[in-house]
Amino acid sequence: MLFEDPSPLLVGLNPEQAAAVTLPAEHALILAGAGSGKTRVLTTRIAWLLQSGQVSPGGIMAVTFTNKAAKEMMTRLTAMLPVNVRGMWIGTFHGLCNRFLRAHHQAAGLPATFQILDTQDQLSAIKRLCKQHNVDDERFPPKQLQWFISGCKEDGQRPRDVVVRDDETRRKVEIYQLYEEQCQREGVVDFGELMLRSYEVLRDNDPVRVHYQRRFRHILIDEFQDTNRLQYAWLKMFSAPPLEGLPPSGNAVFAVGDDDQSIYAFRGARVGNMADFVREFQVRHQIKLEQNYRSCSNILNAANELIGHNSRRLGKNLRTDAGAGEPVRVYEAPSDFDEARWVVDEMKQLEREGMARSEMAVLYRSNAQSRVMETALFNAGMPYRVYGGLRFFERAEIKHALAYLRLLENPHDDNSVLRVVNFPPRGIGARSVEQLQDVARASGCSLHDAASGVTGRAGTAIGHFVALLDVMREKTQGMTLKEIIELVLDRSGLVEHFRQEREGEDRVENLEELVNAAESFVMQEGFGRDAVALPVDELGAPLTQSPASQGLDMSQPLVDEPLPAVVPDTGETLSPLAAFLTHAALESGDNQAQAGQDAVQLMTVHAAKGLEFHAVFITGLEEGLFPHENAMSDRDGLEEERRLMYVAITRARQRLYLAHAQTRLLHGQTRYNLRSRFFDELPEDALKWLTPPQARQGLSAGGWQGGGRGAAGAGAQPAWTPGWLAAADRAPAPKAPEPDRGVDLRAGQKVFHNKFGEGKVLAIEGAGPDARAQVSFNRHGVKWLALSVAKLTPVDA
DNA sequence: ATTCAGGCAGTTTTT
DNA sequence: CTGCCTGAAT
């Protein structure tokens, strides 16, 4: 033990956890396996640093990806220590960037009241821009431009930094440039901009950077494997690595992550940041947390064996003291319909055994799969809850209300003007709006100013609208947040509008809920830690006398040095309204309806990350679905799918169920799927097959290429066995695929193609002249081929 | 201004 | 088979 009198904080930690918590103030990487007590280590580390007097609350920055994680960290921390969490910077990347930019808005070139665009807002801003500049939306779909712009920002690239090799990119960069100008003009920033702009201020402003580098003695990052390029670069601004040529910052970065749970490469996450961190920061302390406190060993063995099929891992193996537990149950269903029914039956059984419904989860790869499951649960009368979908602040009626509120703060927010200029309808048609946009463009001003200018013709509808906004702004002066929102809901006519709508009751309720949300925001958050520019003394003043440590042992002197004040002492604070709007943009709220009931949980595997359940059902384990066909073009894609499966498996505490279906209705067509190759990567002795071998597919996709499990020769059962078709109440009954040319192809069949060589049929879709086959070629990857065109010759096994 | 038909795409998602 | 969006028709 490190101490004669071990801190009570360390009680109950295993040796690795304790070692991580008590590491010296140097850079460290913690490889934290699933269920290894990662959050506990992070929070205990902070508590330990504070309690041992190594740092005051003001010297700590802890970064997470989700608000939920940040909140949990604060909750756990306050339970451990009577510490004022407000002095610390604990929050999401974006929340902290927002906090930073509010304090440094001038250095960042932003108005104090800048608004935040969420993904929807960003897309509509891009659409608007494209219309205005006559961008061909066939060649440049707005979605794709959004993806491009966000991608550039995630890589830290401004338009001028993008390497242009072709005309298409050149045009995209032009649009990116125009988009930036538009945002700047309107005083709005998107999510990527929050990060990029903060990064640039730190990079280009030496006093500011030095200030924060000296202030934050300890920087802790959760889910480090999910950081993108920009986020890593941003972190480096707070703690220059030794080789960067900048003076050493003398602080310590404590990064926690798990390369095996990296499932967000598709949105820019770079697992490579972990290795880069070790190299660039010359990390000397790496600790692996491999003791798992969650799952029984059958489940854990399955996870370990599966992930062992990935190459390029940092290397980690979970172990548990828990017993073997139940075997992993595997079921092969004739159809997706039967699969769902089986899941429900098993759930009923678990319920009879006394398991709470909320402890059971159904996980799937893609959202489209929830429907069958929902139907089955509904028919069985079993309460369920689907994660995903619109969150509270993303609902249309809420966004309308927020748009009015934003216009009180910032009338130049054209996005918001366009959203509500004619909502509720007030006789401002598309062509009036267009005219207004022309005027605004011609005079280079915002829609609001253009409208105010034209209002010479009093009595026009647009004039009324501008007057309405002005009246609202005037009347709400000095009001509480609650009163402001109530007034806006009333004067805008939103509530009245939805009251008259036939199906508008829910929307009216949501609008009322918005008032409640605002009230509780003011109450518990005191306007929200993230949202409010902190009192200047907190950012700028010397931290030696940080008062936020009541209850701490203050006998040891703190090491913080006095800091030069770099925050402009303007005494600015954000209004409650502005703070609430920020809150709405950065925390879109719950997406779960009816949270109270004890209900079965349905969600994608992605959404399940970080959660755990007594019983987990992973459904749709089929080639093309899981692993998903779009991800299988390269090895990286397949490995990410495998990590996804690893995440799914490690959610389960006691029971794990795996299922796949021979046929599945997808895009309105019946598809015949092979079972997932992942079955072949699980330990046979941890599994219990609930389907007799004769009723199973003989081969799985990966099987013939090597290492396949053995039921070969059992004869692939035709997927269209009449027996179960009669049982399924689905019409019309799927027909056996009858490809042209009379070639007898079925899933699993080895084939030869003149150009692509040898491959294997993954799936067959459609019939007659439209029939297509999905073939995985040994050398050329997975392709869809029209059977009427492609020459496929069956090859005998 | 509202509604309806037709076209089209359809992994994963937090901020 | 959906859900979403657009364009045309009332």
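Proteins come first, then strands; the chains are lettered A, B, ... in the order of their sequence lines, and each starts at number 1.
The base of dT14(B) lies outside donor-acceptor range of the side chain of Ser588(A), with no N or O pair under 3.5 Å.
Dashed line: the shortest gap from a side-chain N or O of Thr604(A) to OP1 or OP2 of dT11(B) is not under 4.0 Å. Distances shorter than 4.0 Å separate some side-chain N or O of Asn67(A) from OP1 or OP2 on dT15(B). Taking only side-chain nitrogens and oxygens, Arg391(A) comes nearer than 4.0 Å to OP1 or OP2 of dT14(B). Within the 4.0 Å cut-off from OP1 or OP2 of dG3(C), at least one side-chain nitrogen or oxygen of Arg371(A) is found.
Aromatic ring pairs are classed by plane angle as parallel below 30°, tilted from 30° to 60° and perpendicular above 60°; the pair Tyr264(A) and His606(A) is tilted.
Comment: Arg128(A) does not engage Glu434(A) in a salt bridge, judged by the lack of any side-chain N to carboxylate O separation of less than 4.0 angstrom. A salt bridge links Lys71(A) with Glu587(A): the distance from a Lys NZ or Arg NE/NH1/NH2 to an Asp or Glu carboxylate oxygen falls below 4.0 Å.
Using C1' as the reference atom, dT12(B) and dC5(C) are 23 Å apart when rounded to the nearest Å.
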Give me the distances for all protein-to-nucleotides 7-10 of chain C N/O pairs that come in under 3.5 Å?
none

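Within 4.0 Å of Gly427(A), counting heavy atoms only, lie sugar-phosphate atoms of the nucleic acid but no base atom. Heavy atoms of Phe93(A) sit nowhere under 4.0 angstrom from any nucleic acid atom. Residue Asp118(A) is out of contact with every strand shown, counting any heavy-atom pair closer than 4.0 Å. Within 4.0 Å of Asn422(A), counting heavy atoms only, lie sugar-phosphate atoms of the nucleic acid but no base atom. Counting any heavy atom pair closer than 4.0 Å across all strands shown, Phe266(A) reaches a base atom.
Closest to the His628(A) side chain, of the nucleotides dT13(B), dT11(B), dT15(B), is dT11(B). If you check dT15(B), dG10(B), dT13(B) against the side chain of Thr66(A), the one that comes closest is dT15(B).
Atom CZ of Phe378(A) sits in a sparse spot, with 12 or fewer heavy atoms from other residues, nucleotides or ligands closer than 6.0 Å.
The only option from Trp234(A), Phe191(A), Phe65(A), Phe100(A) that meets the ring-ring contact (aromatic ring centres under 6.0 Å, His included) definition with His94(A) turns out to be Phe191(A).
Nucleotides of DNA chain B nearest to Arg426(A) and Glu641(A) differ in position, and the one nearer the 5' end is that of Arg426(A).
No hydrogens or angles considered: a donor-acceptor pair under 3.5 Å links the side chains of Asp338(A) and Ser335(A).
Within residues 140-149 of chain A, no residue is approached by DNA chain B to less than 4.0 Å at the level of any non-hydrogen atom.
Between the CG atom of Asn367(A) and the P atom of dT12(B) there is a distance of 5 Å, rounded to whole Å.
Residue His94(A) and nucleotide dT15(B) are not classified as a stacked aromatic pair, given the requirement of ring centres less than 5.5 Å apart at an interplanar angle below 30°.
Not counting sequence neighbours, Glu154(A) has no partner by the side-chain hydrogen bond (donor to acceptor under 3.5 Å, both in side chains) test.
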